[in-house]
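To start, the structure under review is shown below, and the notes come after it.
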Amino acid sequence: MISLNTKRIEKFLANEHSNTVRLYHCPKPEFINDIIIEGLDQRLSNQGMFGRGIYFTPHILKANQYNNTPIGSVSHMIVCSVNLGNVKEYAYREKDPSLKREPAGFDSIHGNVTGLDEFAVY
């Protein structure tokens, strides 16, 4: 039996040249072991400027804004190869917190609400 994570890897590899970029993600410390074993999971996402997605950014400082680990504790940041596919572009400062999945016809979103780019996949 193929694990869920293996299926995701196979899907990613089959489409890896379509629109894959390296981006940062800063997970909550309590999820790091699950992420390592199972991969990122949208069901564990918090509500953000673009709804309940998995958020990434090309800016390490933007990723660190999501770091809620107390000072002096170990925190984690992941560098991910993210297949963005067909990206829905939002205008500067535009947001849509009602999203629960990608908009129809798109695979991910790109926005800039606070001055630094971010992407979300669902």
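Numbers here are sequence positions counted from 1.
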Quiz item: Should side-chain heavy atoms under 4.5 Å link Ile, Leu, Val, Met, Phe, Trp and Tyr, which residues sit in the same cluster as Val74?
Solution: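 Reading the cluster by chain and number, Val74 sits alone, since nothing else belongs.
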Is there a continuous path of hydrophobic side-chain contacts, each under 4.5 Å between heavy atoms, that joins [X] to [Y]?
X	Y	answer
Leu23	Leu40	yes
Val113	Tyr90	yes
Ile54	Ile60	no

Would you be so kind as to tabulate the donor-acceptor pairs closer than 3.5 Å made by side chains of residues 97-108, with sequence neighbours excluded?
residue: Ser98; atom: OG; partner: Asp96; partner atom: OD1; Å: 2.5
residue: Asp107; atom: OD2; partner: Asn86; partner atom: N; Å: 2.7
residue: Ser108; atom: OG; partner: Leu84; partner atom: O; Å: 2.7

Roughly how far apart are [X] [atom1] and [Y] [atom2], rounded to 0.5 Å?
X	Y	atom1	atom2	result
Leu61	Asn67	CG	CG	12.0 Å
Ile35	Asp41	CD1	CG	9.0 Å
Cys26	Gln65	SG	CD	10.5 Å
Met77	Thr57	CE	OG1	9.5 Å
Ile109	Lys95	CD1	NZ	13.0 Å

Quiz prompt | Polar side-chain atom of Gln42 near backbone of Arg52 as donor-acceptor pair, under 3.5 Å | solution =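 Side chain of Gln42 to backbone of Arg52, a donor-acceptor pair under 3.5 Å: yes, one is there.
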Self-check item: Listed once per pair and sorted, the ring pair (Phe, Tyr, Trp, His ring centres under 6.0 Å) pairs that draw on residues 26-47, sequence neighbours left out
Solution: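 Residue pairs with at least one partner in residues 26-47: there are none.
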Listed pairs under 3.5 Å, donor-acceptor, residues 115-122 side chains, sequence neighbours left out:
residue: Asp117; atom: OD1; partner: His110; partner atom: NE2; Å: 3.1
residue: Asp117; atom: OD1; partner: Asn112; partner atom: ND2; Å: 3.3
residue: Glu118; atom: OE1; partner: Tyr66; partner atom: OH; Å: 3.1
residue: Tyr122; atom: OH; partner: Phe50; partner atom: O; Å: 2.5

Self-check item: Phe56: partners by ring pair (Phe, Tyr, Trp, His ring centres under 6.0 Å), with sequence neighbours left out
Solution: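 Here the qualifying residues are His25.
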Quiz item: Counting only heavy atoms not in Lys88, do more than 12 sit closer than 6.0 Å to its NZ atom?
Solution: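 Enclosed.
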Quiz prompt | Stepwise side chain to side chain contact (heavy atoms under 4.5 Å, CB included) test for Ile32 and Ile78 | solution = CA-CA 9 Å; Ile32 194 68; Ile78 304 170; 4.1 Å; yes
Quiz prompt | Which residues share a side-chain contact (heavy atoms from CB on, under 4.5 Å) with Asn46, sequence neighbours left out | solution =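 side-chain contact (heavy atoms from CB on, under 4.5 Å) check on Asn46 returns Lys28.
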